[in-house]
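Heads up: the structure comes next, in structure tokens.
Each chain gets a letter, A, B and so on, in the order the sequences are listed, and its residues count up from 1.
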4 protein chains.
Amino acid sequence: MSSDPRTAILDAAGEIFVRYGFKKASVEDIARKAGVGKGSIYLHFESKEALFEACARKGHAEALADLKEMVRSRPTPTEQLRAYIHYCIRPQCWSPTGQRIELATLVEIGEQAKQLIPGMVVEETDILTAVLEKGIAAGEFSVAEPRQVARGLVELMYCVGIESTTREPEAQRQRALEACFEVWLQGLSVARSPKG
Amino acid sequence: MSSDPRTAILDAAGEIFVRYGFKKASVEDIARKAGVGKGSIYLHFESKEALFEACARKGHAEALADLKEMVRSRPTPTEQLRAYIHYCIRPQCWSPTGQRIELATLVEIGEQAKQLIPGMVVEETDILTAVLEKGIAAGEFSVAEPRQVARGLVELMYCVGIESTTREPEAQRQRALEACFEVWLQGLSVARSPKG
Amino acid sequence: MSSDPRTAILDAAGEIFVRYGFKKASVEDIARKAGVGKGSIYLHFESKEALFEACARKGHAEALADLKEMVRSRPTPTEQLRAYIHYCIRPQCWSPTGQRIELATLVEIGEQAKQLIPGMVVEETDILTAVLEKGIAAGEFSVAEPRQVARGLVELMYCVGIESTTREPEAQRQRALEACFEVWLQGLSVARSPKG
Amino acid sequence: MSSDPRTAILDAAGEIFVRYGFKKASVEDIARKAGVGKGSIYLHFESKEALFEACARKGHAEALADLKEMVRSRPTPTEQLRAYIHYCIRPQCWSPTGQRIELATLVEIGEQAKQLIPGMVVEETDILTAVLEKGIAAGEFSVAEPRQVARGLVELMYCVGIESTTREPEAQRQRALEACFEVWLQGLSVARSPKG
DNA sequence: AATGAATGAGGATTCATTCAT
DNA sequence: TATGAATGAATCCTCATTCAT
């Protein structure tokens, strides 16, 4: 796909890891999908685990950049959060590009790669906390503990990402999650006229 | 623990699968923890995958029974939902009893066991939909698509369960999720006087 | 060959290691020769290196027992030494039984197994030193530093053992070594008319 | 070291082969030590085995030249033999220059390179036989089969060389071998009262 | 029913060799 | 001539599954 073998390997590994998880993903499969020889992978990555870690870092970096862009381009805090949620929920996010595998298969890998998670969570939490606080300042939200809530949302999005790798993308499921998070967005709003 | 070998194996398998995931969990470890010979496992279960499936079914059945009990014993729909959420979030739920492994490690296993999920989701969704509808009928909730929202919540709880197996139980994380879901519960409430 | 698999593996490993050296010897070859499955080897030995070490210990133990028996059964110190030398030189010693592989392929293996050598050398040196000292006491030998000489002989025999594994057993070579060591035995003899 | 790449490769290969043995020595290590690209080795040598063979030939040629020089420069046959023995025993002989790797790692390599040994043995044997015969003619030695004895000594020296590569140079060991060979030199001496 | 020794397919990793530049 | 990225065969080891006892 890419003429740069390192990138080709990284892309292929993202897909395979997301689809099969760490243990079941075989280096041979990754090599085949990347269109390189099995040994070539070891020219670019120390080990299978190092390759996974690189995938995770890359996925996280991309997700973070996207998040920043979304915050920048949406008019209101509510829209910013909705964009983030939909971004994380939508199935395309996970499969083909391999974005956000970060956690997807951490289920199985060693302690080393798990160390990455807390840092990733903090980075996204910081951004979302700022969004919430801006919404509070603007009188749009009423939230007692914005940092806690932001972190909770990040954790949920990570969870969703994990499970999304385990199942076929399914329209029903996505719609259900969207409906559920609309309720959550409602819960943020400060003033609400009686629904009626 | 149990003198019934089948139960002992099932219990042991639950713990090991939850801790290590499907591929990394070895039949030998399960046998050792169950206090039986490795070969004995195959007297009771067709294969490792069948054993996993049995664990998943058992975990689901237990979770479902607990859910029904919670609905029965809590006074209001809001309390019923909060109980369900806290039940799913609290770390004890996952580790020692092995409950709710259902999805925990489905990340890696074959198509066969994945087939279980939709049915499980439907069962929990049915119950929660009833709770929501009761809340709507009582004028406590205002939700446009209760079934969608219920299903979304179930999906989220499954996701949370998965990730809970991948990380150390951490008080911070749990509190963040609780705060996040309080917002969600707020979002359900129908009548809201203008705040202030 | 043997119905005890551990012994069969040990015997097979001895032959293969002696013939091919540590690295070139493959676990699969050893398994095939032993008539067991590849995996069975790991039931009895931690790793390839551990298997090698076990071979080395076994070979050394057998060689030591034989040495003691030779010392016991030969009438004079000279005969005892000659028996030891011939024993070490004769080609049968090395190939089929796998005796004395101890050092044969230590050429290539890790530090761990090399640690075994000094102890082995000391054990044989002790015995041969006693033989030399008995010869001196009996007025049969005249040797200034019996322990040094004994150790030197042991070292030589180890060397011979190594090379013996690298070449076809060859009658010529054996005879040459015998002739050479007859000179050495001569050199031990005490009575020598004043040189001129 | 040398600006001639072929020589640089040969020198580097000598050191690496001696230190690690044939299989464990990697072409990449040799290339790095020689300061050339990995592929360049194949411009000068057909294969790893051919490179090893060239090393062996070179080592043997150097050892043979040294032997001739020693014979030329020492006054008596006894001194000539002692010089040869000490030359072969001394640890410097083996490590840095890579001399006499000839056999050092033949343990592991294929039949092709093993074919070199007999010729090498014959060449050294010829020289040492001449030394012994000169000693006999001079009334200094009494040896029944000088050629056999000479060959035996050569074989021993090869063996010593092999094992020297496997162990740390150790003063104790060297002294023991020296003491042992002094006994052997004694055994060559002509005048000896009749045994008995 | 219960065992655990035995199996062998499968997977990560290494490295001699090739070849496009 | 020189390079080093790329290859894939070869190897050690793991582990689900079988089967003789």
- request: Kindly point out which of E:dA2, E:dA6, F:dA2 is positioned nearest to the side chain of D:P5?
  value: F:dA2
query: Taking atom P of E:dG10 as reference, at what distance in whole Å does atom NZ of A:K24 sit?
result: 14 Å
query: With respect to the phosphate group of E:dA5, does any side-chain polar atom (N or O) of C:S40 fall under 4.0 Å of OP1 or OP2?
result: no
Side chains of residues 31-40 of chain B: which donor-acceptor partners sit under 3.5 Å, not counting sequence neighbours?
{"from": "B:R32", "atom 1": "NH2", "to": "B:D29", "atom 2": "OD1", "distance (Å)": "3.0"}
{"from": "B:K33", "atom 1": "NZ", "to": "B:E15", "atom 2": "OE1", "distance (Å)": "3.4"}

Can you pull every protein N or O that's under 3.5 Å from an N or O on nucleotides 17-20 of chain F?
{"from": "F:dT17", "atom 1": "OP2", "to": "B:Y42", "atom 2": "OH", "distance (Å)": "2.9"}
{"from": "F:dT17", "atom 1": "OP2", "to": "B:K48", "atom 2": "N", "distance (Å)": "2.9"}
{"from": "F:dT17", "atom 1": "O4", "to": "B:K38", "atom 2": "NZ", "distance (Å)": "3.2"}

- request: Would you mind reading off the distance between A:K23 atom NZ and F:dA16 atom C1', rounded to a whole angstrom?
  value: 12 Å
- prompt: NE2 of C:H44 to CG of C:L51: how many Å apart, nearest 0.5 Å?
  reply: 11.0 Å
task: May I ask you to decide whether B:D11 forms a salt bridge with B:K58, counting only side-chain N to carboxylate O separations under 4.0 Å?
output: yes
- prompt: Expressed in angstrom and rounded to an integer, what is the separation of A:I9 atom CD1 from E:dA12 atom C1'?
  reply: 15 Å
Sugar-phosphate, base or nothing in reach of B:S26, heavy atoms under 4.0 Å: sugar-phosphate
- line: Smallest heavy-atom separation, D:C55 atom then D:G14 atom, equals SG-N, 3.7 Å
field: Interatomic spacing from CD1 in D:I41 to CZ in D:R6 - rounded to 0.5 Å
entry: 12.0 Å
- prompt: For A:R32 and F:dG8, what is the distance between atoms CZ and P respectively, to the nearest whole Å?
  reply: 11 Å
query: Under a 3.5 Å cut-off for both distances, is E:dA20 Watson-Crick or wobble paired, and to whom?
result: F:dT3
field: Earlier contact from the 5' end, DNA chain E, for B:L43 and A:A25
entry: B:L43
message: Nearest whole Å is fine: how far is E:dA2 P from B:R6 CZ?
response: 13 Å
message: Looking at D:H44, I'd like to know whether one of its side-chain N or O atoms comes within less than 4.0 Å of OP1 or OP2 on F:dT1.
response: no
query: Over how many whole Å does the gap from A:F45 atom CZ to F:dA5 atom P extend?
result: 14 Å
field: Base partner of E:dA1, which must satisfy Watson-Crick or wobble distances under 3.5 Å
entry: none
message: Just the rounded figure in Å: distance from C1' of E:dA12 to CG of A:D29.
response: 13 Å
- prompt: If you pin A:V36 and C:E28 to their nearest nucleotides in DNA chain F, which one's is more 5'?
  reply: A:V36
field: Spacing between D:L51 atom CG and E:dA16 atom P, to the nearest angstrom
entry: 11 Å
task: Considering non-hydrogen atoms only, spot the tightest contact between A:A25 and A:F17 and give its length.
output: CB-CD2, 3.6 Å
field: Side-chain (B:K48) to main-chain (B:F22) donor-acceptor, under 3.5 angstrom
entry: yes
